[in-house]
Novice: 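What follows is a structure written as structure tokens; I'll ask about it next.
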Amino acid sequence: MKLFVDTADLEEIQEASQMGILDGVTTNPSLVKKQGNIDFHEHVYKICEIVDGDVSAEVTATDFDGMMDEAHSLAKIHENVVVKIPLIKEGIKALRALDEEGIPTNCTLCFSSTQALLAAKAGADYISPFIGRVDDISSDGMTLIEEIAQIYDNYGFDTEILAASIRHPTHVKRSALAGADVATMPFNTLLKLLDHPLTDRGLERFLDDWKEYKQARKAEAGMA
Ligand code: E4P
């Protein structure tokens, strides 16, 4: 499973990248806004220079021509750029046209498996089901991942399932079990994947015992 961070924060991306397990980055207009007064294209370039993997950057036009214009200029920033296109009618047309031009795409704002079916037929490279936001409205985000996985499997679509809007490690675990190809998550959720109290307790015990062993060796050497 590929692991992406869902952030536009360069320090977080750098730190995640230094762990050696980062496969890519997803951004969206809200995450970019959090970075304050930055130049979007320059910022995307900086992210691409940090990460050796796919970096999603989103268009903000909602008409076909506008999406295509933005997609072309985003794709020119860096070879790692994947153009994020919203799952609306004009977006489906743009996905098809970009696929024909060989520009990689991530179809975003997916909330149903029938939407995901259309995105795959249009040639999207990634589909981003927003599982946390589905859970937020008392529905089940994981069922969405399972349905998409089943449908893509039934028909041999090669669109990758990118589990998005991940809020906690259980979302990551269940996405992996359901066969999602990628999970994108906030940096703090990535760190939480490491957490286990028995690891902390076990390490503490090992280090205490090691200290006692060293002290005992030293004491014995002193007596000899
Ligand atoms: C995915 O690419 C989106 O950027 C993201 O996962 C949205 O998550 P949110 O629901 O936490 O905003």
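In each ligand, atom 1 is the first atom listed, and ligand 1 is the first ligand listed. The basis for the numbers below is simple: all heavy atoms, side chains too, and nothing from hydrogens, waters or symmetry mates. Counting from 1, the numbers follow the sequence of the chain as shown.
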Novice: How are the rings of Phe157 and Tyr155 set to each other: parallel, tilted or perpendicular (split at 30° and 60°)?
Specialist: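 Phe157 and Tyr155: tilted rings.
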Novice: Sequence neighbours excluded, which residues qualify as ring-ring contact (aromatic ring centres under 6.0 Å, His included) partners of His41?
Specialist: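 His41: no ring-ring contact (aromatic ring centres under 6.0 Å, His included) contacts found.
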Novice: Can you pull the residues with any heavy atom under 4.0 Å from ligand 1?
Specialist: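 Shell around ligand 1 (4.0 Å, heavy atoms): Asp6, Thr26, Asn28, Lys84, Phe130, Arg133, Ala164, Ser165, Arg167.
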Novice: Quick one: does any side-chain atom of Arg167 pair with a main-chain N or O of Thr189 as donor and acceptor, under 3.5 Å?
Specialist: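 Checked: no pair found.
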Novice: Going hydrophobic residue to hydrophobic residue with side-chain gaps under 4.5 angstrom, can you get from Val55 over to Met185?
Specialist: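 In one cluster with Val55: Met185, yes.
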Novice: Determine, for Asp136 against Arg133, whether the closest basic-nitrogen to carboxylate-oxygen distance falls under 4.0 angstrom.
Specialist: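 Looking at Arg133 together with Asp136, the answer is no, because their closest N to O distance does not fall below 4.0 Å.
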Novice: Would you call Glu90-Lys93 a salt bridge at under 4.0 Å N-O?
Specialist: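 Looking at Glu90 and Lys93, the cut-off is met.
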